Structure formats: C-alpha cells, structure tokens
Amino acid sequence: MEQQVFTYKYPHPSVTTDCVIFGFDGTQLQVLLIQRGIEPFKGQWAFPGGFLRMDEDAQTGALRELREETGLETAYVKQFHTFSSPGRDPRERVITIAHYALVRLTDISAGDDAAEARWFPLAEVPQLAFDHDLILRTAMAELRRQIHFEPIGFELLPECFTMRELQTLYESILDVHFDRRNFAKKMLHLGLLTQEECQPEGQNTKQGVNYYRFNSLNYQALKQKGFRLEF
C-alpha cells in the first residue's frame, strides 16, 4: 500500500520559530515582547513566534510570525539557536528554532493571539513564558559575540547618528563603559563611519555635533580581510 503524504512510522515533534527582537531608544537596548492572549501562559509575556507551516523554511516562518504578531517588517533576521528540551511546551513535544531581529524602534500592533505588544528595557523584562528567559540569555550572548564581526549595531541606529549614540549603543549591548575619546578614535580609524551633514529623522541638527553614516563599502572590504572589532 502506498504511504500517505506526511505519514511517518515514528512519533515526531512539532516545530516553532521564536524571534527575539532588539531595538534601541537612544539610551538603552530594548526587547519586544507580546502578552499572550491564549493558553498556555495566557497573560504572560513572551517572544513573537508560532508553529512552522509545512511549506516554510525556518526564516520564512519567523518573518511571517513577526508580521502577524507585531506588524513589523524587517530584513535583518538571524537564526542563532535551536531549543529542544522535551518539557519546554506543556501542549506537546515542540522544538523551536530561535532567531534574533534588529529593528529601529517603530509603532507595533498586537496580532490575533496576542493581547498586547510592548518594548521593554533589558533591565525591566518580566519573567517570560515557556523557556523564553533562556532564549533571551542565549540571544544576548550571541549578540555580544556577533558585534565583533558584524555591523549589527548600525541596524539599530537611525541612518544619521552621533558618535555618542553609537557609543551608548555599544555600551548597552556589551554592558561596559568606554572612554569617549578612545572609542571615537577607534571607530574613525577603522573607516566604518562617514561624516555627513545630515538631518536626523524627526530631530533638529545640533550645532557643534558631528553626524555620521555607516560606510558599508569599507566594511565589506574589511570583512574580506578577516575583520574583528576589538575594544
């Protein structure tokens, strides 16, 4: 007898995607959470996510859930870990493929299975549903690792930014404090920034303050040489 499509001899788990969404408000790193509107963990905060459809790869599913649960559209989504503890979901055996996303702060809207969506500073994140506390810790460790190799910080800043904003962002991600002059000297020496006379979006240009843009061409050239940003 011909075997039916999607029928297997052995039990198999369901697969979900969860997305840790980082933003930056100019002073501290933020993470986007949704308040669950359905069981399990109704009323608790969690990361946007959901079950993977049969015709989706993991990244496509993550982007879809991001749109459906928050209204956000983003191009920078990166897979960073798979969480497979047998008891992580009380409904059934569920494996989740976790991603992080970097977005500029924007308006958000809660989807059908979320009561509310809200930005939280990292220091004010409440206890999360499922194993999302572990997912957040793992995402932060990966973000701190990747910041030495990828220009991830620039995804969180406006296109036109000050050196102080850039330093504050890196300090927020790495949980350190840099000397202002040494930080500026290093970033300018690398050639990753281009000084511009630009108007920050929604702001007035401050007199005596230099504004910069990220120089992607110089970054690509450095990456070909094995770029690593050290502080």
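Along the sequence shown, the residues carry numbers beginning at 1. Being a predicted model, the structure only gives us computed values, none of them experimental.
Rounded to the nearest 0.5 angstrom, E56 CD and L63 CG are separated by 9.5 Å. Of the inter-residue distances, the one linking T17 atom OG1 with E65 atom CD reads 5.5 Å to the nearest 0.5 angstrom. In this structure, the separation between CG on L169 and CD on E155 is 11.0 Å, given to the nearest 0.5 Å. Between the CG atom in L166 and the CG atom in L157 there is a gap of 6.0 Å [rounded to 0.5 Å]. In this structure, the separation between CZ on R93 and OG on S85 is 7.5 Å, given to the nearest 0.5 Å. Here D131 contributes atom CG and D18 contributes atom CG; the two are 8.0 Å apart, rounded to the nearest 0.5 Å.
The two residues L174 and H148 come nearest to each other via the heavy atoms CD2-NE2, 4.4 Å. Listed here is the closest heavy atom pair of G191 and N218: O-ND2, 2.8 Å. The two residues G37 and K42 come nearest to each other via the heavy atoms O-CE, 3.5 Å. Minimum heavy-atom separation, D133 to Q127: OD2-CG, 3.9 Å. Of all the heavy atoms in I95 and S84, the pair that sits closest is CG1-CB, 3.9 Å. The two residues Q146 and Y100 make their nearest non-hydrogen contact at CG-OH, 3.6 Å.
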Let's go through F161 and F154 carefully: what are the C-alpha distance in whole Å and the side-chain angles of both, what is the deciding distance for ring-ring contact (aromatic ring centres under 6.0 Å, His included) to 0.1 Å, and is it a yes or a no? CA-CA 9 Å; F161 53 85; F154 300 103; 5.8 Å; yes
Using the rule given for side chain to side chain contact (heavy atoms under 4.5 Å, CB included), can you reason through M163 versus F183, listing the C-alpha separation, both sets of side-chain angles and the distance that settles it, and then say yes or no? CA-CA 9 Å; M163 186 67 71; F183 180 86; 4.0 Å; yes
Run W45 and V125 through side chain to side chain contact (heavy atoms under 4.5 Å, CB included) and show every step you take. CA-CA 9 Å; W45 295 92; V125 172; over 6 Å; no
Quick one: do L32 and L72 satisfy side chain to side chain contact (heavy atoms under 4.5 Å, CB included)? Show the steps, please. CA-CA 11 Å; L32 182 63; L72 284 173; 3.5 Å; yes
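A donor-acceptor pair under 3.5 Å is formed between the side chain of E171 and the backbone N or O of F178. Checked by atom type and distance alone, the side chain of Q30 never pairs as donor or acceptor with a backbone atom of F24 at under 3.5 Å. Panel note: side chain R36, backbone P40; a donor-acceptor pair is recorded below 3.5 Å. For the pair E165 (side chain) and T162 (backbone), a donor-acceptor distance under 3.5 Å is present. At distances below 3.5 Å, not a single donor-acceptor pair connects side-chain atoms of H99 with backbone N or O atoms of K78. In this structure, the side chain of R118 does not engage the main chain of L33 through any donor-acceptor pair within 3.5 Å. Side chain of T168 to main chain of R164: a donor-acceptor pair is present (N/O by atom type, distance under 3.5 Å, no hydrogens or angles). Side-chain N or O atoms of R104 include none that pairs as donor or acceptor with a backbone N or O of G23 at under 3.5 Å.
For E39, the CD atom sits in a packed shell: over 12 heavy atoms of surrounding residues, nucleotides or ligands are nearer than 6.0 Å. A 6.0 Å sphere centred on CZ of R180 holds no more than 12 heavy atoms belonging to other residues, nucleotides or ligands. Within a 6.0 Å sphere centred on CD of Q224, other residues, nucleotides and ligands contribute 12 heavy atoms or fewer. For E159, the CD atom sits in a loose shell: 12 or fewer heavy atoms of surrounding residues, nucleotides or ligands are nearer than 6.0 Å.
In this structure, W119 and I21 have side chains that are in contact, with non-hydrogen atoms separated by less than 4.5 Å. Between F80 and L143 there is no side-chain heavy-atom pair separated by less than 4.5 Å. Between L29 and L156 there is a side-chain heavy-atom pair separated by less than 4.5 Å. Annotation: side chain of T138 is not in contact with side chain of V20 (no heavy-atom distance under 4.5 Å). Between R88 and I135 the shortest side-chain heavy-atom distance falls below 4.5 Å.
The same ILVMFWY cluster, assembled from side-chain heavy atoms under 4.5 Å apart, contains both L122 and Y170. No chain of hydrophobic side-chain contacts below 4.5 Å, direct or via other Ile, Leu, Val, Met, Phe, Trp or Tyr residues, connects V94 to I34. Residues L190 and I152 share a hydrophobic cluster, clusters being chains of Ile/Leu/Val/Met/Phe/Trp/Tyr side chains in contact below 4.5 Å. I97 and L128 are assigned to two separate hydrophobic clusters, defined by single-linkage of ILVMFWY side chains at heavy-atom distances under 4.5 Å. Two different hydrophobic clusters hold F51 and F130 under the rule that ILVMFWY side chains link at heavy-atom gaps under 4.5 Å.
Salt-bridge annotation for D55 and R53: absent, with no side-chain N of the basic residue lying under 4.0 Å from a carboxylate O of the acidic one. Comment: R145 engages E142 in a salt bridge, judged by a side-chain N to carboxylate O separation of less than 4.0 angstrom.
Evaluation of the salt bridge (charged side-chain N to carboxylate O under 4.0 Å, His left out) test over residues 222-231, restricted to residues two or more places apart or in two chains, returns E150-K223, R228-E230.
Ring pair F47/H132 is parallel by interplanar angle, where below 30° counts as parallel and above 60° as perpendicular.
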